[in-house]
Amino acid sequence: MTLDAKIPLGPLTDKWDQHSFKLKLVNPANKRKYDILVVGTGLAGASAAASLAELGYNVKAFTYHDSPRRAHSIAAQGGINAAKNYTNEGDSIWRLFYDTVKGGDFRAREANVYRLAQISNNIIDQCTAQGVPFAREYGGLLANRSFGGAQVSRTFYARGQTGQQLLIGAYSAMMRQVALGKVELLARREMLDVVVSNGRAQGIVVRNMVTGELETYAGHAVLLCTGGYGNVFYLSTNAMNCNVTATYRAHRRGAYFANPCFTQIHPTCIPVHGTYQSKLTLMSESLRNDGRVWVPKQAWDTRAPNDIPEGERDYYLERKYPSFGNLVPRDVASRNAKEQCDMGKGVGETGLAVYLDFRDAIQRDGRDTIEKKYGNLFQMYEKITADNPYEMPMRIYPAVHYTMGGLWVDYNLMSTVDGLFVLGEANFSDHGANRLGASALMQGLADGYFVIPYTIGGYLNTVSWDPVTAEGPAFSQTVSEVDARIQRLLSVNGTRTVDDFHRELGLIMWDYCGMSRNDDGLEKARGMIQNLREEFWKDVRVPGDDKDLNQSLEKAGRVADFLEFAELMIIDALGRRESCGGHFNEAFQTEENEALRDDDNFSHVSAWEFAGDGAEPVFNKEPLVFENVELATRSYK
Ligand SMILES: Cc1cc2nc3c(=O)[nH]c(=O)nc-3n(C[C@H](O)[C@H](O)[C@H](O)COP(=O)(O)OP(=O)(O)OC[C@H]3O[C@@H](n4cnc5c(N)ncnc54)[C@H](O)[C@@H]3O)c2cc1C
């Protein structure tokens with residue numbers, strides 16, 4: 001099946017304006033007749049809930065956290081992109097659009113990316129008006145710094161806490177609506193299924209995580225804003241609770257999953273230090289503005305970094321990519337770090353690390369300046385590693401960080417299930433095969449503040465505003481299926497913990513579907529995942545019961561979904577006979593070991609349809625048409 005992305009006709013620059021004009025409006029008096037369910041209260045969810053309630057819709061917002069402010073968005077450090085061109089460096093909407101399409105290795109939709117670049121400027125205005133304390137220049141203008149894949153400084157930031165400050169803005173806007181009675185906030189609720197009837201999303205089933213009760217909610221539309229699935233790798237920079245359950249359960253109900261194998265590996269994370277580690281920590285990309293990445297020229301060099309003279313250091317990114325240097329995009333920087341370590345040039349006890357060195361920046365700008373820019377990040381690094389990065393280079397290594405894949409959505413952010421919209425990292429987003437730094441916050445807030453408020457009206461005009469209730473066979477059937485699954489998890493009563501299974505799955509994914517992949521490895525991983533899944537259902541141990549707070553049960557459900565979803569990632573990776581961005585199949589590379597795309601055959605979005613347990617998922621294709629940019633070999637030299 002060829003998917004219809006509903007991309008508006010007309011010139012690229014006019015598409016969004018024309019489309020938002022043509023979308024039918026919902027009369028203000030009728031808006032209060034519609035109930036909207038928003039699952040997730042991170043940046044995408046909180047901004048959507050606030051904006052829709054402000055418009056007059058009745059919103060119910062769900063999160064499994066005790067407070068929306070614990071959403072994973074709070075972890076974002078480095079910044080948010082926008083094409084304001086305050087620095088007068090020649091930035092423009094067109095340049096942000098082009099950098100993003102190129103950064104994504106030409107595997108994103110032109111129309112969506114252009115809209116994102118257009119909206120980027122509104123986001124900064126909106127957040128500034130809310131009081132988000134962006135860094136400022138001495139003249140009062142908001143300050144900018146550089147991120148990977150761009151030669152202009154367009155990243156707005158609030159020290160190393162940009163996500164936290166933006167979330168406080170979105171959360172405050174939402175809480176204002178809670179106080180006004182337009183948003184009902186339902187915390188400690190985990191969505192375990194979508195109720196679909198007659199091809200339309202009618203509501204959701206959630207588990208009250210405190211009482212264990214299964215609750216049902218009906219709505220005229222459902223918005224999934226539930227974040228990414230990087231934790232399928234077990235170790236990642238994502239918050240520990242991030243998972244795939246909401247999107248994967250929706251997938252099983254008819255929502256296609258797009259490009260699931262497109263995972264972003266971030267080059268600058270604190271390296272793994274032990275088998276029983278459960279979390280990895282990001283060192284923001286902003287550090288590559290001033291930090292220089294290097295390894296010893298000689299393999300197996302065990303000298304301390306400060307004992308290695310300048311002439312014996314290889315600043316390999318600056319050497320190989322003189323134009324972009326340390327600010328090459330993440331996929332390129334990550335693969336190069338791996339390549340150096342594979343050649344025996346990795347540093348530290350494990351040999352799986354490279355240096356990120358601030359010596360020259362401190363000599364040039366002074367310690368105070370560096371501390372002002374990155375103080376909290378340096379402090380975090382020192383707390384975790386006990387090394388002082390002002391005196392000794394940081395040791396860093398790539399780690400799983402973000403997922404470009406997600407539920408397929410059309411230009412209106414609607415999935416293949418009518419009335420089921422997907423926002424933020426949960427959709428397959430605008431980033432193609434590789435996301436540029438500081439573009440996730442931009443996309444989540446664009447979706448929530450500026451896209452969905454328009455596009456949802458277009459959909460609601462097609463459905464009746466008659467009150468909806470969580471009654472009827474579709475609801476009772478879905479509840480009994482959710483309950484049966486919970487009882488099954490509790491009844492296995494085996495010997496291995498959920499974490500034990502998750503750790504093993506993560507290693508399989510990292511080894512065979514991580515920074516680089518090959519067919520043999522992917523095939524092997526598929527078999528290993530199938531076996532592990534079988535063992536899980538025979539031998540997992542979930543203590544406690546379902547009538548109470550039970551974190552083991554919560555995790556078990558999420559890991560059970562990861563065990564199914566991981567296989568879909570492998571199938572997707574096997575099917576894409578090219579390398580692009582975050583998907584690097586060793587069989588497809590240039591002589592210089594760069595990703596080798598096959599535009600003739602793979603310039604498309606792969607969207608997978610669930611076909612039943614045990615059946616092969618069905619492949620669907622959305623061709624990507626490039627009318628405004630030339631598909632070039634990506635070069636950062
Ligand atoms: C360490 C780190 C630093 C980053 N720094 C940057 C940066 O500087 N710039 C940038 O652009 N991007 C950055 N990113 C990426 C960015 O933070 C995320 O992509 C973005 O915040 C995701 O927002 P979201 O609203 O889509 O999802 P999230 O913030 O993950 O929110 C998901 C929400 O869904 C809820 N939820 C999920 N599943 C369920 C369920 N089943 N039932 C009920 N509720 C559910 C959660 O409770 C939560 O409220 C960073 C990522 C990491 C890991």
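Whatever order the structure lists them in is the order used to number ligands and atoms, beginning at 1.
- In this structure, F378 and Y374 have parallel ring planes: the angle between them is below the 30° cut-off, well short of the 60° mark.
- Considering backbone and side-chain atoms alike, E190 places every N or O at 3.5 Å or more from each N or O of ligand 1.
- When only interatomic distances are considered, the shortest N/O to N/O separation between G78 and ligand 1 falls below 3.5 Å.
- Near T41, the atoms of ligand 1 lying under 4.0 angstrom from a non-hydrogen atom of the residue are 33 (C), 48 (C), 49 (O).
- Looking at R70 against ligand 1, nothing comes within 4.0 Å, counting heavy atoms.
- Checked against a 6.0 Å centroid threshold, the rings of Y217 and F62 count as neighbours.
- Below 4.0 Å from some heavy atom of S439 lie the following atoms of ligand 1, by number and element: 11 (O).
- Numbered from 1 in the order shown, with element, the atoms of ligand 1 that lie under 4.0 Å from a heavy atom of V39 read 42 (N), 43 (C), 44 (N).
- Using a 4.0 Å cut-off to heavy atoms of C225, the atoms of ligand 1 that qualify are 32 (C), 33 (C), 34 (O).
- In the vicinity of L43, heavy-atom distances shorter than 4.0 Å reach the ligand 1 atoms 25 (O).
- Given atom 51 (C) of ligand 1, the protein heavy atom at minimum distance is H401 CE1, 3.3 Å.
- Residue-level proximity to ligand 1 for P68 is absent, since no heavy atom of it falls below 4.0 angstrom.
- The proximity of H266 to ligand 1, defined as any non-hydrogen pair under 4.0 Å, does not occur for either the backbone or the side chain.
- Contacts between T245 and ligand 1, counted as non-hydrogen atom pairs separated by less than 4.0 Å, are absent for every part of the residue.
- Heavy atoms of L192 found under 4.0 angstrom from ligand 1: none, in either backbone or side chain.
- Between D193 and I204 there is no side-chain heavy-atom pair separated by less than 4.5 Å.
- At a threshold of 4.5 Å between non-hydrogen side-chain atoms, the residues F358 and L356 count as touching.
- Looking at N427 and Q443, their side chains do bring a donor and an acceptor atom within 3.5 Å of each other.
- An N or O contact shorter than 3.5 Å is missing between N243 and ligand 1 by distance.
- Applying the 4.0 Å criterion to heavy atoms of Y402 picks out, from ligand 1, the atoms 19 (O).
- Nearest residue to atom 27 (O) of ligand 1 from G227, G424, S284 is G227 (criterion: closest heavy atom).
- Remark: ligand 1 atoms within the under-4.0 Å shell around heavy atoms of A76 are 3 (C), 4 (C), 5 (N), 6 (C), 7 (C), 13 (C), 17 (O).
- Relative ring orientation between F257 and F565 is described as tilted, the plane-to-plane angle lying within the 30° to 60° band.
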For K182 and R176, what are the C-alpha separation, side-chain angles and deciding distance, and is it a side-chain contact (heavy atoms from CB on, under 4.5 Å)?
CA-CA 9 Å; K182 289 305 291 179; R176 181 171 172 271; over 6 Å; no
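- Salt bridge annotation for D499-K555: present, with a cationic side-chain nitrogen under 4.0 angstrom from a carboxylate oxygen.
- Summarising the geometry of Y171 relative to S67, their closest heavy-atom pair is CE1-OG, 4.4 Å, with the distance given to 0.1 Å.
- Shown are K372, K373, R145; of these, the salt bridge (charged side-chain N to carboxylate O under 4.0 Å, His left out) with D290 is made only by K373.
- The contact set between ligand 1 and A246, taken as ligand atoms under 4.0 Å from a residue heavy atom, comprises 41 (N).
- The nearest non-hydrogen atom to atom 21 (O) of ligand 1, considering only A71, S73, A75, A440, comes from S73.
- Closest non-hydrogen pair, A218 versus L37, comes out as O-CD2, 3.7 Å.
- Of the polar atoms of T237, none of the N or O atoms is found under 3.5 Å from an N or O of ligand 1, judged by distance alone.
- When each of Y397, Y402, W510 is checked for a side-chain contact (heavy atoms from CB on, under 4.5 Å) with I265, only W510 meets the rule.
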